[in-house]
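Numbering of ligands and ligand atoms starts at 1, following listing order.
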Amino acid sequence: MNTEILPFSQDSVEKAAEILKNGGIVAIPTETVYGLAANALDETAVKSIFAAKGRPQDNPLIVHISSFDMIKPLTTEIPELAKRLAERFWAGPLTVIFNKTDIVPNATSGGLSTVAVRMPANDAARAVIEKCGFPLAAPSANLSGKPSPTTAQHVFEDMNGKIPLIIDGGECAVGVESTVICFVNDRIHILRPGGITAEMLSEYAEVEIDRAVEAAPKADDRVISPGMKYKHYSPKAEVFVVNKRAGDFVKFRDTRNSENAWFLSRGKYGEGFVDFGETAEIQAQRLFALLRKADENGVEKVYVEIPDKSGVGLAVYNRLIRAAGFKVVDE
Ligand code: TXA
Ligand code: MG
């Protein structure tokens with residue numbers, strides 16, 4: 001199959017909708033990362049997403065909508081708190097788990113009785129959903145286990161020959177996937193941190209963060225969000241989170257063989273360091289692209305100055321620690 005990359009335009013949106021209406025899959029930009037989209041209500045179409053990504057069948061997909069009304073047929077009830085959060089944070093990088101109705105196929109929900117829903121803030125994504133008239137299931141458009149794609153070129157690297165069309169909407173604004181939440185009693189439970197932060201959510205209810213966000217899941221853990229248990233975001237290079245800041249990180253570099261190694265620094269520490277960015281927002285935008293670039297450059301080891309775990313930094317840390325296979329270096 002020939003994989004076409006077209007810029008976001010009315011033409012490319014129409015072309016994408018045509019493919020999707022016929023049960024096909026298309027890559028679309030969102031404000032977080034690129035998504036691999038299919039009709040969320042068409043079991044066969046959804047199964048072809050799993051095939052293209054090589055994704056485990058029990059890992060459920062997020063269903064993307066373009067207007068609040070589209071959520072009603074998908075869920076048995078919409079809690080009051082969910083309505084308030086949607087009003088404030090949609091369109092945007094927040095995914096909410098609801099109890100699902102029967103029209104959501106098991107392939108989409110990974111066999112769960114719940115469905116994850118979000119309304120992306122990206123114009124191209126919403127235009128495609130609107131044109132289709134049905135919600136789109138869309139996981140990140142990478143091969144399963146690889147760093148998520150934040151440019152059309154990243155999608156092409158992983159999906160060339162497997163899908164007919166990628167809509168190019170430029171670089172993703174946020175750079176890490178959406179925040180995934182569910183409700184536990186009246187608390188907001190964060191399953192995956194993202195662009196909508198714990199601090200932002202805490203204005204609406206008490207927030208708790210799933211222990212799998214920062215720690216490696218134990219074999220006997222009950223995992224609420226299946227995606228958290230898989231190896232993730234991994235480049236070929238070996239990644240290490242280095243628990244040292246600033247001058248100590250600079251000194252750390254001297255203790256390691258720097259041949260074929262990258263040292264991602266949060267400040268401009270000069271020669272021998274790769275700029276990861278000073279703020280968590282910039283680190284989020286750069287993380288996946290840098291991991292892919294390390295592979296392109298034949299880098300074998302990537303050492304990363306530990307991010308702050310506040311704000312979007314928690315999402316950066318969560319992705320990084322998985323890319324690193326939970327390896328944190330202290331000395
Ligand atoms: O920003 C995003 O959310 C991107 C863009 C494309 O929208 N999508 C994305 O999808 O990251 P994916 O499939 O790579 O990640 C979905 C995450 C997984 O960790 C999955 O386990 C979790 O959401 N999830 C989906 N449905 C769920 C459900 N019903 N209950 C619990 N977790 C769920
Ligand atoms: Mg993903």
Side-chain angles (χ1 to χ4, degrees), residues 25-38 40 46 49-50 52-66 74-75 89-101 104-122 124-126 128-129 135-150 154-155 158 166-167 169 172-184 189-196 210 212-213 217 222-234 284 288 312 315 318-319 322-323:
I25 55 181
V26 166
I28 56 169
T30 84
E31 78 280 24
T32 58
V33 300
Y34 277 72
L36 199 56
V46 166
I49 296 181
F50 283 87
K53 277 183 65 86
R55 180 178 176 108
Q57 302 276 339
D58 68 342
N59 194 0
L61 306 180
I62 294 172
V63 175
H64 297 65
I65 57 175
S66 57
L74 308 174
T75 61
F89 297 113
W90 282 358
L94 179 70
T95 297
V96 184
I97 313 279
F98 298 93
N99 288 323
K100 80 171 189 74
T101 57
V104 180
N106 280 327
T108 302
S109 68
L112 299 176
S113 61
T114 52
V115 61
V117 183
R118 92 174 187 98
M119 190 193 295
N122 182 285
R126 279 211 316 286
V128 173
I129 301 166
L136 296 179
S140 49
N142 51 289
L143 288 173
S144 197
K146 291 271 163 220
S148 300
T150 55
H154 294 162
V155 179
D158 284 14
I166 302 167
I167 296 187
C172 298
V174 180
V176 291
E177 303 85 345
S178 61
T179 306
V180 179
I181 61 166
C182 62
F183 304 112
V184 176
H189 187 87
I190 297 185
L191 295 165
R192 180 178 73 179
I196 304 300
D210 199 88
V213 164
R222 194 178 73 94
V223 178
I224 314 183
S225 191
M228 298 300 265
K229 73 185 179 200
Y230 297 110
K231 186 174 157 72
H232 253 121
Y233 317 115
S234 301
F288 291 136
V312 186
N318 170 265
R319 307 311 190 271
R322 281 176 169 68

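The structure places CD1 of Ile65 at 11.0 Å from CG of Leu136, a figure rounded to the nearest 0.5 Å.
With ligand atoms numbered from 1 in the order given, ligand 1 contributes 1 (O), 2 (C), 3 (O), 5 (C), 7 (O) to contacts under 4.0 Å with heavy atoms of Arg118. Below 4.0 Å from some heavy atom of Ala138 lie the following atoms of ligand 1, by number and element: 6 (C), 8 (N), 10 (O). When each atom of ligand 1 is checked for a heavy atom of Ser178 under 4.0 Å away, the hits are 1 (O), 2 (C), 3 (O). Which parts of ligand 1 touch Thr114 is read off a 4.0 Å heavy-atom cut-off, strictly below it: atoms 28 (C), 29 (N), 30 (N). Short contacts between ligand 1 and Leu112, defined as distances under 4.0 Å to a heavy atom of the residue, involve ligand atoms 28 (C), 29 (N), 30 (N).
Side-chain atoms of Asp210 and His189 form a donor-acceptor pair, as typed in the model, at a separation below 3.5 Å. For the residue pair Ser178 and Thr95, a side-chain donor N or O sits within less than 3.5 Å of a side-chain acceptor on the partner. Counted by atom type alone, Glu177 and Ser148 present one or more donor-acceptor pairs between their side chains at under 3.5 Å.
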Checklist entry - Should Asn142 and Val33 be marked as a side-chain contact (heavy atoms from CB on, under 4.5 Å) after you check the CA-CA gap, both sets of side-chain angles, and the distance that decides it? => result CA-CA 10 Å; Asn142 51 289; Val33 300; over 6 Å; no

Checklist entry - Do Val96 and Phe183 pass the side-chain contact (heavy atoms from CB on, under 4.5 Å) test, and can you show the C-alpha distance, the side-chain angles, and the key distance before you say yes or no? => result CA-CA 9 Å; Val96 184; Phe183 304 112; 3.7 Å; yes

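Among the backbone and side-chain atoms of Ser140, an N, O or S atom lies under 2.8 Å from the Mg ion (ligand 2).
Using a 4.5 Å cut-off on side-chain heavy atoms (C-beta onward), Leu61 and Val46 make contact.
Between Thr95 and ligand 1, not a single N/O pair is under 3.5 Å apart. Of the N or O atoms in Arg192, one or more lie within a sub-3.5 Å distance of an N or O in ligand 1.
Only the side chain of Arg55 comes within 4.0 Å of ligand 1, counting heavy atoms alone; its backbone N, CA, C and O stay farther away.
Ranked by closest heavy atom to atom 9 (C) of ligand 1, the top entry among Gly35, Ser140, Gly194, Ser109 is Ser140.
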